[in-house]
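Letters go in sequence order (proteins before strands), and every chain restarts at 1.
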Amino acid sequence: MAIQTVLIINKSGGLVYQRDFLASSTKLSSNDYLILAGTLQGVTAIASQVTPKALQISGSNLSKAANETEYSIPYAGPLGVKDQKEDMGSFLPPDYFTDSFASWSKSGLKHVTTDQFSLFLYQSMTGMKFVAISTQSSTSNMAVSFAENFLRKAYCLYADFVMKNPFYEPEMPIRCELFDKKLTEFVQHL
Amino acid sequence: MTQKIISPSTSVTQAASTASTGYDYTIGPQQTLPNEQPPPVLASRLYNESLHAKARKAQVSLSAFAFLFQEMISQTRKSSKSVAEIESKLRGLGYPIGIRLLELLNFRSSLTPGSRAFFNKASSMSGSAQGSNGVSTQQEDSLASTITTMKRRDLRVLDILQFIHGTVWQYLFDHVSDDLVKSSERENEYMIIDNLPLLTQFIGNNNVQCDSFVCGIIEGILDSACFPCSVTAHCMPEDKFDRRVVYLIKFDKDVLEREALRF
Amino acid sequence: MSSGSGNVQNGPAVSTSSKKSLRVFSDDIWKNKTAKINAELFTLTYGSIVSQLCTDFQRDFNKVNDQLFAMGYNIGLRLIEDFLARTALPRCDTLVKTSEVISKCAFKIFLNMTPQVSNWSNNKDVFSLILDENPLSDFVELPMDASKELWYSNILCGVLKGAMEMVQLDCDVWFVSDVLRGDQHSEIRVKLNRILKDEIPAGED
């Protein structure tokens, strides 16, 4: 699975970051990307509304343990991390995290597939959305957990190289040279 | 600011008087109203404990520091009109740290095994003595009184630069600086090189040189050690170190004249 | 705001007590996953900032307090993303859980300290954080003229305010006492005004 594009969408649905990683990737116009971001934001909201009531109720009645296993994403190994001694910013090697973790988005949109590609979406508790477009049309459990691991790591890079940069204004488009560099390195080492 | 070696006989009274006048470096000496009560702070405990490196060896997360540093720069940007003004303000924020470090690190390196024992005693006491006013008892067994020889002040340019390159860098950034070089072109110029600057690692290259903060620290140390100079930071990538920073130290002329006379 | 299991996903092993696992989880993050820096550099840098503000505002300490709070607020808006990326903790379903996450996890992994949570109001919407130690104010002694007005570590209140607002909790946060002023404890009060339900990201319920 190769990552073709990464998008970051802020909590109000505005596209703040877009980067292609494959030379072969189909280029959308920036306007199309803005539409894509807005659409994803809208569909996420609607997806949670169309969740059948019966499921919502049974979901909330599940015991805690069941809930945890249901939403827990397994740790997918040190993907994207080159070697054990790599400089990892404010995180320590060997990896950004090493435990399974829960997804914050329980009823929202998580992936979109066509026969040619798939799109994955990871949403933080603050409403930031990290989107990856991959060249494989797989939404197997493996692919989903791989993508969520990848996107949480992208979120870690965002926390370091965007949030800790005094020249970045929150909610605005991300123009941080180091973030570009780190994310590219990371994608290339997947 | 002149160099003061903390001598054992005076440091205690200095500490006490600082507590009672509320001396503030930023405004200089002030009058104190006679009827005001001094705040019940255990001044000498504070001094004794802070001065012992091994006692604390405390750490915070790099993230916590990076967010504070980030906000410090943001605020400085907001209140400045030019890049030069931002850099000079950052320098100003580093400068007082340098002044303190010169005293603190020299004092710490003067501590002897005996004074460590003193500290252990004091720290085991301090837990129970908290809240009670221990100034009178603490004056008798001040940490300073256990120091037999104070580390000598650095008098030569190379010595003080070694101190910054080694001791200070190790203390601040947990590694000695990567190189200390004398300029081949100008007599009064030296360079301290850091391949992986710790504080600005999340910021990247920018038209504002955020390492000016570190320049301020270096200037503070050198100035208060009587080596007046100006320090500037320059981004000079080399090989795989794309964030490599060179701190260029230009000493004032009289520093070199003095050096020529003495040695 | 619901269905967050309120507890930590600590690997496949079933955790026995939620209290213990949050502590173990946070200790592990602090020890093994968080890069660290000399706390004294942090202390000295903060000191330099506060002292510069005192000069800039001509020793009007109320203004200094406000400015420190505002700086903290800006930090909180950003710091929360680091916290969430690092921990991936689920949403807390009660303020009691939130208070535990703040004290045992957030303070631990950023400042390596664990304030005590206490003084709950009857309807559990106000609590206190008692700071036994505080790396911001090590070395610090307030000058006379500041000792009644300046809340030296006020930046912490701003950070809490900003960070909680980003996870849709509208709170008031303020200092009620500080050892630097001669008080017995340093105490931060946190009051939850309301949950910003409309702003909770879609898909979480």
Who wins among C:L111, C:I155, C:D56 for the most heavy-atom pairs under 4.5 Å with chain B? C:L111

C:K36 to C:W30, cation-pi by 6.0 Å centre distance and 45° axis angle: yes

Kindly state whether the ring of B:W169 and the ring of B:Y247 have centres lying under 6.0 angstrom apart. yes

For chain B, find which of C:I75, C:V159, C:N112 contributes the most heavy-atom pairs closer than 4.5 angstrom. C:I75

Most chain C-contacting option - heavy-atom pairs closer than 4.5 Å, from B:L172, B:I217, B:L101: B:L172

Is there a donor-acceptor pair closer than 3.5 Å between any side-chain N or O of C:R181 and the backbone N or O of C:S177? no

Under 4.5 Å from a heavy atom of chain C, the part of B:F69 involved: neither

Examine distances only and state if a side-chain atom of C:E165 and a backbone atom of C:D170 form a donor-acceptor pair shorter than 3.5 Å. no

For each of C:I109, C:T34, C:N74, tally heavy-atom pairs with chain B at distances under 4.5 Å, and name the one with the top tally. C:N74

Between B:S63 and C:R86: side-chain donor-acceptor atoms closer than 3.5 Å: yes

Quick one: what part of B:Q75 sits under 4.5 Å from any heavy atom of chain C, side chain, backbone, both or neither? side chain

